[in-house]
Amino acid sequence: MEVFGEYLRAFICGGIFCLIGQILIDKTKLTPAKILVIYVVAGVVLGGLGIYKYIVAFGGAGATLPLTGFGYNLAKGVAKAVAEKGIFGALTGGVTAAAAGITAAIFFGYLIALIFKPKSKSM
């Protein structure tokens, strides 16, 4: 039953992020790309302020997998690198912490492009 609760919390957390994104799409003139950037920046800011770790503690994968989780991971990596290497860690820590996710996104994006032969959108 404990696993069910974990899944439920992840679903609720991820669902809230999706709900907020859908409201922003429906009620504002923001493009999806701008909303994605807002989510990443929100993750960085909330991570830097130490707030996002509580969201992760509640939502688990529902908080770490969306774009806000990517921003949180960047902020966490920068904080760790600054503590270890000083101010120069701010330049490398975020990318180092997110390297696996970035690599996976590039690899799987390329793989899917090979399989499905994407085409440009015609206007």
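Starting from 1, each residue takes its place in the sequence as its number. Computed from a prediction, not measured in an experiment: that's the story for all the values here. Note: hydrogens, waters and symmetry copies are ignored here, and every other heavy atom, side chains too, is used.
- Counting heavy-atom neighbours within 6.0 Å of Phe58 CZ, excluding the residue itself, gives a total above 12.
- Two residues are said to be in side-chain contact when any heavy atoms from C-beta on lie closer than 4.5 Å; Thr92 and Lys85 meet this criterion.
- Side-chain atoms of Val3 and Tyr7, non-hydrogen and from C-beta on, do get closer than 4.5 Å to each other.
- Note: Tyr52 and Phe17 have parallel aromatic rings, judged against thresholds of 30 and 60 degrees for the angle between ring planes.
- In terms of hydrophobic clustering, with Ile, Leu, Val, Met, Phe, Trp and Tyr side chains grouped at heavy-atom distances under 4.5 Å, Leu67 and Val78 are assigned to different clusters.
- Through chains of ILVMFWY side-chain contacts below 4.5 Å, Phe88 is grouped with Ile87, Leu91.
- When the side chains of ILVMFWY residues are joined at heavy-atom separations under 4.5 Å, either directly or via intervening members, Leu36 and Val45 end up in a single hydrophobic cluster.
- At a threshold of 4.5 Å between non-hydrogen side-chain atoms, the residues Gln22 and Leu19 do not count as touching.
- Put simply, Leu65 and Ile55 are part of two different groups of oily side chains (I, L, V, M, F, W, Y) that touch within less than 4.5 Å, one to the next.
- Both Ile102 and Val37 belong to a single network of hydrophobic side chains, linked directly or stepwise wherever heavy atoms of I, L, V, M, F, W or Y lie under 4.5 Å apart.
- Hydrophobic clustering, defined by side-chain heavy atoms of Ile, Leu, Val, Met, Phe, Trp and Tyr closer than 4.5 Å, leaves Tyr54 isolated from every other such residue.
- A donor-acceptor pair under 3.5 Å is formed between the side chain of Tyr39 and the backbone N or O of Gly21.
- Among residues two or more places apart in sequence or in another chain, the side-chain contact (heavy atoms from CB on, under 4.5 Å) test is passed with Ile38 by Leu30.
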